[in-house]
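Written below as C-alpha cells is the structure these notes are about.
Computation of the quantities below employed the complete heavy-atom set of this structure, encompassing side-chain atoms and omitting hydrogens, waters and symmetry-equivalent molecules.
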Amino acid sequence: MKVEEIDVNRQIGRIGEILNAREKKRGILIQALQQIQAALGYLPEESVQELSKKLNLSMSEIFSVASFYRMFYFKPRGKKILKVCLGTACYVRGSKNVLNALEQEFNIKSGETTEDLALTLETVGCVGCCGLAPVTTMNENVMGEITGSGKLKAIIQSIRE
Amino acid sequence: MEKLVKLQIDGKEVHAPAGMNLIDAGHLADVFIPNLCYLKGMKGFGACRLCLVEVEGMKSPVIACNTKVREGMVVHTQTEKVRDIRRFILDLILAIHPLDCMTCTKAGICKLQEYAYEYELKGTSFTRKKMGYPIDQINPFIRRDPEYCILCGRCVRVCKEQGTNVLDFIGRGINAEIGTAYNKSLRESGCTFCGSCIDACPVNALPEADRWRKGREWEYKKIQSVCLLCGSGCDILVSVKDGSIQKINTGEKPGSAKKYICAYGRFGYDCIEERTKLVSPLKRVKGELRETTWKDALSIVAGKLKDAGKNTGFISTAGIMNEDALALKKFAKNVVKTKNFDTTLSLYSDVHSLRDSQSALITNSDLLVLVGLNPSQWNRVLPALDASIRKRVNRGGKLIVMNSSDTRIEEAAMLSLKGDELQILKGVAKALIDRGLKADKQLKTAVRDAEITEDMEKAAKLIAEADRPILFTSPSLFDAAANISLIKGRVIAVGLESNARGIALAGLSTEGKTYKEMVNDRMKVLYAVGEVPLTSRPAADFLVVQTSHFTDLAEQADIVLPSTTSFETEGTMIDYLGRLKHINQVIEPMGLTKSHRDILIALSKIIKPAIKKPTDAEIKKMSKGKQKLAFSPFVRKEGFDISPHEFIEAVNASVLKGRRLSWLKEALAAVAV
C-alpha cells in the first residue's frame with residue numbers, strides 16, 4: 001500500500017468539481033484510511049504520517065477522526081479475527097464458556113491480539129442468527145452451535161495452523 | 001462603519017454590530033452569559049451548552065455563542081428554565097470531575113468552580129465516575145491530567161488555530177477524551193510547549209507542570225510586561241509572589257490573534273534563579289575573575305575608557321531597552337568620545353530597513369505576504385509571528401509566501417512562490433502595474449522587462465483585491481519589498497531581536513567601526529553590553545562585559561559588570577509592528593545588579609561630562625520614525641546571511657541553558673532521532 005499513490009482527484013469523483021483543493025483533501029480522508037486499513041489490516045503510524053503530509057491534515061486531526069469510528073484499528077490485527085457473540089440468545093446457550101476457553105487457550109483477553117498475530121479475539125452484541133446460538137464468527141464466516149468441545153477444538157486447530 | 005442592530009438582553013437595550021454573537025453582545029450591556037467553551041474572537045463552538053438563553057418567539061432555548069444578533073430580538077439569560085438547564089449540565093460535568101477544590105491549583109480561576117458556586121452545586125446528584133486516565137507529566141512544562149478535563153475543547157481549538165496541531169478530541173461518547181495522535185505524550189507528539197493550552201484551559205486539566213503549591217491565584221501580583229527574547233516582542237503577564245516570579249502567561253487581551261507566547265517566553269524566567277546569574281562586579285586578578293565592589297570596578301573601567309578614548313569600541317545586542325540604547329549612544333559619543341558603537345543588529349540588517357519599516361496590525365489585515373522570511377514555532381524563530389499569521393489565516397485572512405527555500409509556514413498559504421525573491425517581487429510589481437495600479441516612473445522602468453509567471457499574476461490579483469495587505473520581509477529584502485508597498489499595502493521589516501526597531505530608531509549604529517570590525521580589530525578597550533553572541537575573546541587589549549549572566553564572553557573578560565534582566569528593570573521597547581511598549585519591572589534587582597543605563601550614568605559621573613537618564617519625551621520623540629519610502633532598486637542587501645535560528649539561540653544562551661529550557665532541546669532532539 002503506497003499512500004502516495006492515492007489520487008485525490010480521482011477518488012473524490014465528480015463532486016470535486018465544486019470543491020477547492022483543501023476541501024477535496026479533507027473529503028477523501030475516511031476513504032483513504034479505509035484503503036490503508038484494507039491493505040495493511042490496521043492504520044500504522046507511518047502510513048498515517050504519510051497521509052498527513054499528503055492531505056495537509058495534522059496527525060492529531062486524522063487520529064481524531066479515525067478514533068471516532070469503531071472500524072479503524074491502530075494496532076496490528078490477527079490473521080484470524082474471532083468475534084464471540086455475547087447477545088442474549090448466545091449468552092444463555094453458553095457463549096461465555098466459548099469466550100473463556102479461547103481466552104485461556106491463547107492467553108489473551110477479549111479485544112487483544114496474540115503476539116504471533118495469529119488471532120484477534122473480540123466480542124460482538126448480536127450477529128443476527130440467534131437460531132444458531134452460540135455463534136462465533138471467524139473473519140467473514142459464521143460458525144454456529146459451538147456446544148461440544150469438538151467444534152471448539154476444530155476452531156482452535158484452524159487458528160494454530 | 002458596521003451596521004448596528006438593536007436588541008434587548010435582560011431588559012437592557014443593546015446596539016450591537018450585525019453578525020455579533022449573543023455572548024459578545026451581552027458584554028456590551030454588562031450581561032455575562034455563562035460559558036465554559038467560548039473563546040472570544042473565535043467562532044462559537046457549542047460544546048458546553050452552558051450559554052443557553054431564551055429568545056422570545058423561539059420554541060426552545062438557543063446557545064448564545066453561536067446565535068447572531070437580530071433586529072428586535074428579545075433575549076432572557078436568567079430565566080428559571082435556562083438556569084435549570086445550566087444546573088443540570090453542571091451536575092453532569094461534576095459527575096466526572098474531581099471535587100478537590102480545596103487543594104486544586106486552579107482554585108480561584110476555575111470556571112467550573114465559579115459556576116458551581118453561582119448555581120449552588122456542592123456536588124453531583126449522579127453516580128460519580130472516575131475515568132482513570134493516565135497523567136502526562138514527562139515534560140517540565142505542561143501537566144496534562146485528563147481526569148479534570150471537561151471536554152470543552154478550548155485547548156484543541158487554540159492549538160489548531162495557531163497551527164501547532166497537537167491536541168484533538170479522541171474517541172467518542174463517554175470514552176471521548178482530549179489527546180494526541182496515537183495517544184503519545186506531549187513530548188513525542190510534536191508539541192512545542194508554548195503553553196497556549198494552559199491559558200485556554202478553564203479547569204485544572206492543563207496547568208503548568210510546576211504550579212502545584214506555588215501559591216494560589218489570588219495571592220499573585222500580576223504585572224504586564226514584554227518578553228525580550230526574540231524579534232516577536234510578545235506581551236506577557238507575570239505573576240509574582242514573595243518577590244519572585246511564579247508563572248508567566250500571555251499578556252495579550254483575550255481574543256487577540258496575537259495571544260501567544262512560546263516556551264522561551266513562558267518558561268525561560270527561571271534563568272534569573274540560575275547559578276550563572278551575576279550578582280556582583282568581577283575583576284580579573286592574577287588570571288582569575290574575583291568579586292569586587294562597584295566603586296572599584298567602575299573606577300578601573302573609567303580609567304581604561306579615559307585612556308583609550310576614541311580607540312574604545314562599544315558592542316551591544318539589540319535586545320536592550322530604548323533607555324539603555326540612548327544612554328549607550330550618549331555615553332559613547334559624548335563621554336568616551338568614540339565613534340565606534342554598534343549592535344548585533346548590523347549582523348542581520350541595515351539601520352534604514354528597520355527604521356523606515358511601517359506600522360500595521362495583523363488583526364486588521366486581510367492579506368499577509370511573507371518575503372524571504374521563515375518564521376517557525378518549531379525552531380522558535382519569530383514563533384509568535386508564525387502563530388499570529390496562522391491564526392489570521394484561520395480567521396479568514398490570506399497568506400502568500402515568497403521564499404527561495406522551503407518553509408513550513410507555506411502549508412498555511414494560499415499561494416507559495418518559490419524562487420529568487422527579487423525576481424518574484426519584480427514580476428508581481430509589474431503584474432500589479434499591468435492591472436492598472438498606479439506606480440511612479442522609476443518603478444515602472446525598473447520592472448519593464450520582468451517576467452510574469454502564472455503564480456506572480458495570481459499573487460498580484462490577491463494583492464490588488466485585498467483591502468489592507470501587509471508585506472513582512474527580512475531586512476535584506478526590505479527595499480525591494482517596499483517597492484510593492486509603494487503600489488499597494490504596507491511593508492514591515494522583521495528583525496531577529498526584540499528591540500531591533502528601537503535600536504534603529506535610537507540611531508545606535510556606528511559612525512566608525514562596525515560590530516564585526518570591533519570584534520576582529522585590536523581595540524584598546526572593547527565594551528560589550530548585553531548577551532553579545534561571542535564565545536571566544538575578541539582581539540581587544542581590555543575587555544569589559546556588562547551582562548546579566550556569566551556568559552562565555554564574560555568568562556574571557558577583564559571586568560564583568562552585572563546588569564539587570566528585563567524582569568528587574570523598567571523601560572520601553574518598540575516591536576516589529578512599530579508599537580512602543582512599556583516593560584514593567586516585576587521583581588527587585590538581584591544582588592548588586594544595576595540597569596545598563598544606570599551603570600553607564602555612574603561611569604559618566606566619573607569620566608565627565610555626566611549624562612542624564614533618557615526622559616519619556618526623548619523616547620517618544622525617537623519612537624516616531626520618518627517612514628517616507630521612495631523607490632529603490634530591486635537588490636538584496638549583502639552580508640546579512642546568518643542563520644536566524646542559531647543567532648537567536650546564541651543571544652539567549654544563558655536563558656536556554658536554564659534547567660527547563662535545556663530539556664526542551666535535548667528531549668526534542670532525542671525524539672527527532
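Residues B:Trp663 and B:Phe267 keep their aromatic ring centres 6.0 Å or farther apart.
Heavy-atom pairs under 4.5 Å with chain B peak, among A:Ser52, A:Ser67, A:Ala66, A:Ser60, at A:Ser60. No other option in A:Arg22, A:Glu45, A:Met59 has as many heavy-atom pairs under 4.5 Å with chain B as A:Glu45.
The ring-ring contact (aromatic ring centres under 6.0 Å, His included) analysis of residues 19-63 of chain A, with sequence neighbours excluded, yields the pairs A:Phe63-A:Phe74, A:Phe63-B:Tyr182. Within the structure, no pair that satisfies the side-chain hydrogen bond (donor to acceptor under 3.5 Å, both in side chains) test touches residues 90-104 of chain A, not counting sequence neighbours.
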Test side-chain contact (heavy atoms from CB on, under 4.5 Å) applied to A:Met138 and A:Ile159, step by step: CA-CA 10 Å; A:Met138 184 189 287; A:Ile159 296 162; 4.1 Å; yes
From CA spacing to verdict: side-chain contact (heavy atoms from CB on, under 4.5 Å), A:Thr137, A:Leu82: CA-CA 6 Å; A:Thr137 63; A:Leu82 276 194; over 6 Å; no
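At a threshold of 4.5 Å between non-hydrogen side-chain atoms, the residues A:Leu102 and A:Ile156 count as touching.
Of all residues in residues 146-177 of chain B, those placing a non-hydrogen atom less than 4.5 angstrom from a non-hydrogen atom of chain A are B:Lys160, B:Asn165, B:Val166, B:Leu167, B:Asp168, B:Phe169, B:Ile170, B:Gly171, B:Arg172. Interface residues of residues 374-403 of chain B toward chain A, defined by a heavy-atom distance below 4.5 Å: none.
Side-chain contact annotation: B:Thr407 with B:Glu410, donor-acceptor N/O pair under 3.5 Å present. Between the side chains of A:Thr113 and A:Thr120, at least one donor N or O lies within less than 3.5 Å of an accepting N or O. Counted by atom type alone, A:Asn139 and A:Lys80 present zero donor-acceptor pairs between their side chains at under 3.5 Å.
Under a 4.0 Å N-O distance rule, the pair A:Arg14/A:Glu17 qualifies as a salt bridge. The existence of a salt bridge linking A:Lys109 and A:Glu122 is excluded, since no basic side-chain nitrogen approaches an acidic carboxylate oxygen closer than 4.0 Å.
Residue contact with chain B, scored on non-hydrogen atoms closer than 4.5 Å, involves the backbone and the side chain of A:Leu43 alike.
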